[in-house]
Amino acid sequence: MAPNVSDSDRAAGTVWQRAKGRPQDTINDQNNNDACQSGSSSNHCDQGASVPPTPFRARIRWPDLFAQLFVHGGFLIGLYYLVTFQAKFYTYLWTLGLVWATGIGITAGAHRLWSHKSYKARWPLRLLLMFLFTICGQDFMHAQVFANIRKLSPRQEQLLAAVDMSDLEADGIVMFQRRFYWAMYLVLFVLLPINAPLEYWGDTVQAAIFVAFSLRYLVVLNVAWLINSAHFVWGLDKNHKQSDSNMVFLVTKSYWPQYHYLLPFDYQSGEFGNYGSGCTTAFIRIFAAIGQATKLQTITTEAVKRGLTMAVDSGRPIVECLKQAGAEEMCNLKREHYLETERLH
């Protein structure tokens with residue numbers, strides 16, 4: 001299990017984001033000033049009354065909608081080929097291998113390394129993760145870390161404008177992928193998955209396109225976005241404790257996302273509710289053992305308890321106290337604590 005975190009409303013509502021946006025009242029004031037400067041509601045402006053901002057209404061991006069309908073149609077055809085065994089066995093293995101590899105690119109790369117800095121990676125590992133992430137076809141890493149939402153509200157635009165991306169912009173591998181993304185996209189995301197079944201084991205064009213490409217892409221896409229989608233659609237149940245199950249949202253609906261966003265720097269925190277286990281955590285540990293991954297960040301239950309106590313006693317922000325307690329705990333852990341067979345608790 002993950003280190004225990006209090007289920008208090010304050011802890012559950014704390015979200016750790018890379019964005020350092022302005023407070024809501026500042027944004028509202030800016031909207032009011034813009035309304036006054038535009039000449040609207042002049043009487044209210046003269047009297048110093050606040051003008052309510054125009055509510056944001058989400059709009060459908062029709063090109064994106066049609067693109068999603070197209071790829072989901074290809075997914076259904078690929079699923080039909082899968083269940084009727086119309087593709088060759090090696091195509092199934094190839095598709096499964098691509099799903100696993102691109103999943104590592106998302107979880108170990110874009111998520112735990114570049115978004116949350118839960119560990120550091122030397123350039124060979126970063127290069128590998130960059131290629132694996134590119135194969136998944138989910139935009140370049142700079143954009144993936146910045147936002148994975150298509151249409152943003154004005155307030156979201158203002159908050160995202162304040163995100164400090166200087167660390168990614170200083171990473172030559174990230175910027176290389178951004179500069180040459182579309183060429184790499186065509187080769188790694190489109191041509192590579194389709195060409196292998198045709199070139200090496202003589203499968204049909206239909207099987208290569210609909211199984212190795214469409215089916216694989218939709219599986220990775222929906223698995224990657226399941227967490228946030230389930231979070232917002234079904235909500236969370238306060239009566240259930242944290243779970244180690246991959247069905248965390250469909251069955252238990254636990255507060256697992258709250259732990260992750262409260263302590264996002266913990267490299268052991270899995271994307272599907274598991275903690276200290278799973279392919280991604282094992283992948284990071286293996287590369288740490290050969291010296292490619294360094295400074296793996298984690299936190300123990302005792303450190304969490306000290307951080308919560310510190311927040312209550314001092315009145316300081318809970319995230320700040322947890323970070324301090326976690327940093328102090330890391331100093332006491334063995335340098336190669338990730339090689340211990342006994343899990344940290």
Side-chain angles (χ1 to χ4, degrees), residues 57-107 109-111 130-153 156 177-234 249-250 271:
R57 296 182 62 184
R59 297 180 181 179
I60 298 176
R61 294 174 59 97
W62 291 104
D64 289 340
L65 175 60
F66 288 127
Q68 289 296 321
L69 290 175
F70 175 77
V71 295
H72 277 78
F75 164 80
L76 293 176
I77 298 174
L79 188 61
Y80 172 77
Y81 270 75
L82 180 69
V83 299
T84 57
F85 302 101
Q86 295 191 38
K88 292 189 175 182
F89 178 71
Y90 287 116
T91 300
Y92 297 137
L93 290 181
W94 173 244
T95 302
L96 182 62
L98 287 175
V99 169
W100 180 85
T102 54
I104 290 294
I106 296 170
T107 56
H111 190 207
M130 181 271 286
F131 278 114
L132 294 180
F133 179 75
T134 305
I135 297 174
C136 78
Q138 293 185 19
D139 218 329
F140 47 87
M141 286 178 295
H142 191 280
Q144 176 76 8
V145 175
F146 193 82
N148 55 16
I149 305 172
R150 288 289 182 177
K151 185 63 176 177
L152 302 177
S153 69
Q156 289 173 324
Q177 192 228 24
R178 183 180 185 184
R179 182 176 180 180
F180 299 102
Y181 177 74
W182 291 112
M184 297 174 64
Y185 177 93
L186 178 63
V187 174
L188 297 176
F189 173 66
V190 180
L191 297 181
L192 176 65
I194 295 175
N195 180 70
L198 300 176
E199 181 73 20
Y200 298 110
W201 49 88
D203 210 340
T204 63
V205 175
Q206 296 90 331
I209 293 176
F210 294 120
V211 177
F213 179 76
S214 298
L215 178 66
R216 181 262 314 176
Y217 173 59
L218 260 295
V219 168
V220 173
L221 188 68
N222 283 282
V223 167
W225 291 354
L226 170 64
I227 301 300
N228 287 333
S229 298
H231 187 180
F232 291 117
V233 171
W234 291 304
F249 293 107
L250 301 180
E271 285 74 13

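Values in this document were obtained by computation on a predicted structure and should not be read as measured data.
Asn195 contributes no side-chain N or O that, together with a main-chain N or O of Leu191, makes up a donor-acceptor pair within less than 3.5 Å. Between the side chain of Ser214 and the main chain of Val211, no donor-acceptor pair closer than 3.5 Å is present.
Residues forming a side-chain contact (heavy atoms from CB on, under 4.5 Å) with Phe213 (at least two apart in sequence, or on another chain): Phe189, Val190, Ile194, Arg216. With sequence neighbours excluded, the residues forming a ring pair (Phe, Tyr, Trp, His ring centres under 6.0 Å) with Phe180 are Phe176, listed by chain and number. Qualifying ring pair (Phe, Tyr, Trp, His ring centres under 6.0 Å) partners for Phe131, counting only residues two or more places apart in sequence or in other chains: none. Considering only residues two or more places apart in sequence or on other chains, Phe89 meets the side-chain contact (heavy atoms from CB on, under 4.5 Å) condition with Leu93.
When side chains are defined from C-beta on, Phe133 does not count as touching Thr102, because their heavy atoms never get closer than 4.5 Å. A 4.5 Å side-chain heavy-atom check between Phe66 and Trp62 finds at least one atom pair inside the cut-off. In this structure, the side chains of Val219 and Phe75 come closer than 4.5 Å at one or more pairs of heavy atoms.
Here the NE2 atom belonging to His72 is positioned 9.0 Å from the OH atom belonging to Tyr217, to the nearest 0.5 angstrom. A distance of 11.0 Å separates OH of Tyr181 from CG of Leu186, quoted to the nearest 0.5 Å. In this structure, CE on Met130 lies 8.5 Å from CG on Leu188, to the nearest 0.5 angstrom.
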Donor-acceptor pairs under 3.5 Å, side chain of residues 200-210 to any protein atom, not counting sequence neighbours: which ones?
from: Trp201; atom 1: NE1; to: Thr91; atom 2: OG1; distance (Å): 2.9
from: Asp203; atom 1: OD2; to: Lys88; atom 2: N; distance (Å): 2.9
from: Asp203; atom 1: OD2; to: Thr91; atom 2: OG1; distance (Å): 2.5
from: Thr204; atom 1: OG1; to: Ala207; atom 2: N; distance (Å): 3.1

Distance-only criterion, 3.5 Å: show the donor-acceptor pairs between side-chain atoms of residues 76-86 and protein atoms not counting sequence neighbours.
from: Thr84; atom 1: OG1; to: Tyr80; atom 2: O; distance (Å): 2.5
from: Thr84; atom 1: OG1; to: Gln86; atom 2: NE2; distance (Å): 3.1

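When all heavy atoms are compared, the tightest approach of Val220 to Cys136 is CG1-CB, 4.1 Å. The shortest heavy-atom contact between Pro193 and Trp94 is O-NE1, 3.1 Å.
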